[in-house]
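Quick notes on the structure that follows.
Given the structure is predicted, the values throughout are model-derived calculations rather than measurements. Chain A is the first sequence line, chain B the second, and so forth, proteins listed ahead of strands; every chain is numbered from 1.
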There are 4 protein chains.
Amino acid sequence: MARTTKKEAILEAALALFAEKGVDAATTREIAERAGTSEGNLYRHFDGKDDLARTLFETTARRFADVLETEARDEDDPRARLDTLIRGVFTFAEDHPAAFSFLLASHPSHIPKDRDLRLGPYPMRLFVETIVRGVAQGAFRPVDPVLATGWIVAMAQRAVLLARMGLLADDRERITQETVEASRRLLAADPVGPGGQQPDDR
Amino acid sequence: MARTTKKEAILEAALALFAEKGVDAATTREIAERAGTSEGNLYRHFDGKDDLARTLFETTARRFADVLETEARDEDDPRARLDTLIRGVFTFAEDHPAAFSFLLASHPSHIPKDRDLRLGPYPMRLFVETIVRGVAQGAFRPVDPVLATGWIVAMAQRAVLLARMGLLADDRERITQETVEASRRLLAADPVGPGGQQPDDR
Amino acid sequence: MARTTKKEAILEAALALFAEKGVDAATTREIAERAGTSEGNLYRHFDGKDDLARTLFETTARRFADVLETEARDEDDPRARLDTLIRGVFTFAEDHPAAFSFLLASHPSHIPKDRDLRLGPYPMRLFVETIVRGVAQGAFRPVDPVLATGWIVAMAQRAVLLARMGLLADDRERITQETVEASRRLLAADPVGPGGQQPDDR
Amino acid sequence: MARTTKKEAILEAALALFAEKGVDAATTREIAERAGTSEGNLYRHFDGKDDLARTLFETTARRFADVLETEARDEDDPRARLDTLIRGVFTFAEDHPAAFSFLLASHPSHIPKDRDLRLGPYPMRLFVETIVRGVAQGAFRPVDPVLATGWIVAMAQRAVLLARMGLLADDRERITQETVEASRRLLAADPVGPGGQQPDDR
DNA sequence: CATGAATGAGTTTTCATTCAT
DNA sequence: AATGAATGAAAACTCATTCAT
């Protein structure tokens, strides 16, 4: 308590409740209660519930991006960098479970239009850039980098979700490894000479 | 009156609105209005909004599973069968866009607990079974079939989402092909000989 | 079923529900359901819920009066007659529990104004007349007959209520006797000279 | 605002309306209106209409008991004490007419189960205790004290009711006296020798 | 800053009654 | 007669937001 200001307490409470039951289902009263303050005070710090949600979306997405960026900072090789980014998703999900749920669970209609990519542009962008570079360098096979990013991020998110639901036998580290490995296979440049595996429309 | 009973009209209206704005944000009044009936009548047919959501989740998930099952009925080879299932996701998304959105967008807390897999057990199960068989036959590399199903379904869903948002340059057929191809790579059995990719080299 | 017409079934169902939860809380739907018919049909036989309640109040009050009248028909002596009337209340309460509850539980504001006496004028009148006669003959001490009727009827009703609630140790017959005895004491003419009315001369 | 808080205003308005038309027939809107506040505010202070009714039942029953207790505090002799308690019923009915009506009119199904005695255990208990003591001391004839309490309380209530309806010629004081006198006769120990009055089991 | 009572515009829900069949 | 879908009006209840203190 000592350190955390009321404003932070409100943000924290709101994030937890938004993650748990969705923005619509969470009431300002609950939020205030959980934050140990009054409803009125919530309005001193924020413009309202929507503002709270928007603020949280922004800061959460940015924090997510920061985690990824920090972890991947040193990696230069696209393959290694991508691995790290994926691991970052799992790390973030573990370290900030409410934030992770909130980002995932927000109904599309709640998400600000210009950062539509479900996870916000910030985190996505790092993936996209890495893949673009990897393709250019021949480290990855040629694919639409946005599509590939979508695949990989979705895979990681779903893996977290399934793990949380207790539907996976393996432990988190193993699941992370598997998912990293899977993404490698997804993007691996085809071996041998030219004429490799076109997506070969069957 | 005509052919479609009011009950069906209500279901249809609710599905559209739930998909568009989420269960919480859709009001019973809107639903009734859109269904061309009275709010009271809605309560004659359903126990309330939650019941409506539950019913829709169930029937929609089942319809999804039926589409997949029908399309994959003739395929026996796990690889071909998996391809078909993935294509089925895209087909369903195109043919029943509201149902698809609704299944995706439902907040986890709205989803009946025992069919938690986001898409309900019905559709998921078909994937899991196919992968289990494929692994047994050596057609796929050994992976946790639930995890692999999660990956693949999530990839397909995200691809649909990105396409809907207009973030992908390719047309739908091409995106479908790409996603099918990606899943093949994900599960491809390793080339017998030594030097195979262990998932955990790192 | 065979014999009882739907109309009777409706009356019976309504009486039971009115007694159980009150007129307001009972819904026409419940009534129809319990009567094994449809809501619409209820409106063929009655003008609505209020009409049903009014009809039931009337017939039930009359039936009550009939029971009392029948039992007391042969008694001519005011004392004996009053005893019999009181016993009649207990008899009616036992034979027609729903009717009895309904008559008691109706909120004053539901009771037709001109038969205000809680049990309707019919049953009350028999008591009043008997007491008037008893007073005139010197069998009872001089009291306001309406007030005395109120006392006695209220006593009997309360006794039934307490018995139903299981708050009384004695059996029904004993409670009846006690209440009859109590009413005798209430009205016993004072012993004037010697040889006066012991409360229990009978 | 003034002195009386809104919460009290709500309780007061609800009590008046509940007494007048019954709990079911009174609407939250009316209550709020009459209390000079908004419906929403009613729900800030109470969980709903039922909670309001429950609260009122409790506080009203307790206030009733308090009145009785206060008035009877100094009386030690069972007979005098019982007289005072009966007078207390009339006093309470006059001073708190709405509370009195509400206690009487509540449909049994609204009454909390463990204080079923129509007037709540609180007021009843004082009567029961007094009668038990009086019987033990030989001041009253032997009767089931709960039954006797029922009789007497019911008599007093009915007397008030009849008076309110204008069906009694006498004034309130006279009616009170008569009812007190009646209760004395009800419980008077039989004179003379042993082998006193059995209720003459016929 | 902070509180929590108060508001009002909504929402969900109920139900007596009507109506097409 | 009978059904049960449909209605509309009103009920209970919710909740983001404001306001006096």
According to ring pair (Phe, Tyr, Trp, His ring centres under 6.0 Å), who are the partners of A:H45, at least two apart in sequence or on a separate chain?
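If we apply the ring pair (Phe, Tyr, Trp, His ring centres under 6.0 Å) test to A:H45, skipping adjacent residues, there are no hits.
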
OP1, OP2 of E:dT14 versus side-chain N and O of C:T27: anything below 4.0 Å?
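No, because none of the side-chain N or O atoms of C:T27 sits under 4.0 Å from OP1 or OP2 of E:dT14.
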
Any side-chain N or O of D:H45 under 4.0 Å from OP1/OP2 of E:dG4?
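No, because none of the side-chain N or O atoms of D:H45 sits under 4.0 Å from OP1 or OP2 of E:dG4.
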
What's the [atom1]-[atom2] distance between [X] and [N], to the nearest Å?
X	N	atom1	atom2	value
B:L42	F:dG8	CG	P	15 Å
C:D51	E:dA16	CG	C1'	13 Å
B:I31	F:dA6	CD1	C1'	17 Å
D:I10	F:dA12	CD1	P	14 Å
D:L52	F:dA11	CG	P	16 Å
D:D24	E:dA16	CG	P	11 Å
A:E33	E:dG4	CD	P	11 Å

Taking N or O atoms only and anything under 3.5 Å, show me the protein contacts with nucleotides 17-21 of chain F, one pair per line.
| residue | atom | partner | partner atom | Å |
| --- | --- | --- | --- | --- |
| F:dT17 | OP2 | A:Y43 | OH | 2.7 |
| F:dT17 | OP2 | A:K49 | N | 3.1 |
| F:dT17 | O5' | A:Y43 | OH | 3.2 |
| F:dT17 | O4 | A:E39 | OE2 | 3.3 |

Give each stem of DNA chain F as a range with a range, requiring at least 3 consecutive Watson-Crick or G-U wobble pairs whose two distances are under 3.5 Å.
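The stems are E:2-21 with F:2-21.
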
Choose from F:dG4, F:dA6, E:dA6 the nucleotide whose nearest atom is closest to any side-chain atom of B:K6.
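Selected nucleotide: F:dA6.
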
Pick one: which of A:D47, A:I10, A:T37 meets side chain to side chain contact (heavy atoms under 4.5 Å, CB included) with A:L42?
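Among A:D47, A:I10, A:T37, the one that satisfies the side chain to side chain contact (heavy atoms under 4.5 Å, CB included) with A:L42 is A:I10.
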
Residues D:R34 and D:E12 bridged, charged N to O under 4.0 Å
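Salt bridge between D:R34 and D:E12, a charged N being under 4.0 Å from a carboxylate O: no.
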
Is the shortest distance from a Lys or Arg side-chain nitrogen in B:R63 or B:D66 to a carboxylate oxygen in the other one below 4.0 Å?
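Salt bridge absent between B:R63 and B:D66.
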
Classify the ring geometry of C:F64 against C:F92: parallel below 30°, tilted from 30° to 60°, perpendicular beyond 60°.
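The arrangement is parallel - the two ring planes meet at less than 30°.
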
Looking only at heavy atoms, which two atoms of D:L11 and D:T55 are closest? And how far apart?
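Reported closest heavy-atom pair: CD2-CG2, 4.2 Å.
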
Taking all non-hydrogen atoms of both residues into account, name the closest pair between C:A13 and C:I31 and its distance.
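Looks like CB-O, 3.6 Å.
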
How is D:S38 classified with respect to the nucleic acid when contacts are heavy atoms under 4.0 Å: base, sugar-phosphate, or nothing?
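Touches a base.
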
What does D:A26 touch in the nucleic acid at a heavy-atom separation under 4.0 angstrom: a base, only the sugar-phosphate, or nothing?
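Sugar-phosphate: the residue D:A26, judged by heavy atoms under 4.0 Å, touches backbone atoms but no base.
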
Ring of B:F18, cation from B:K49 - is the NZ or CZ under 6.0 Å from the centre and inside 45° of the axis?
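Geometry flag: not set, cation outside 6.0 Å or 45°.
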
Report yes if the side chains of C:T27 and C:L17 come closer than 4.5 Å at any heavy-atom pair, otherwise no.
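Side-chain contact under 4.5 Å: no.
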
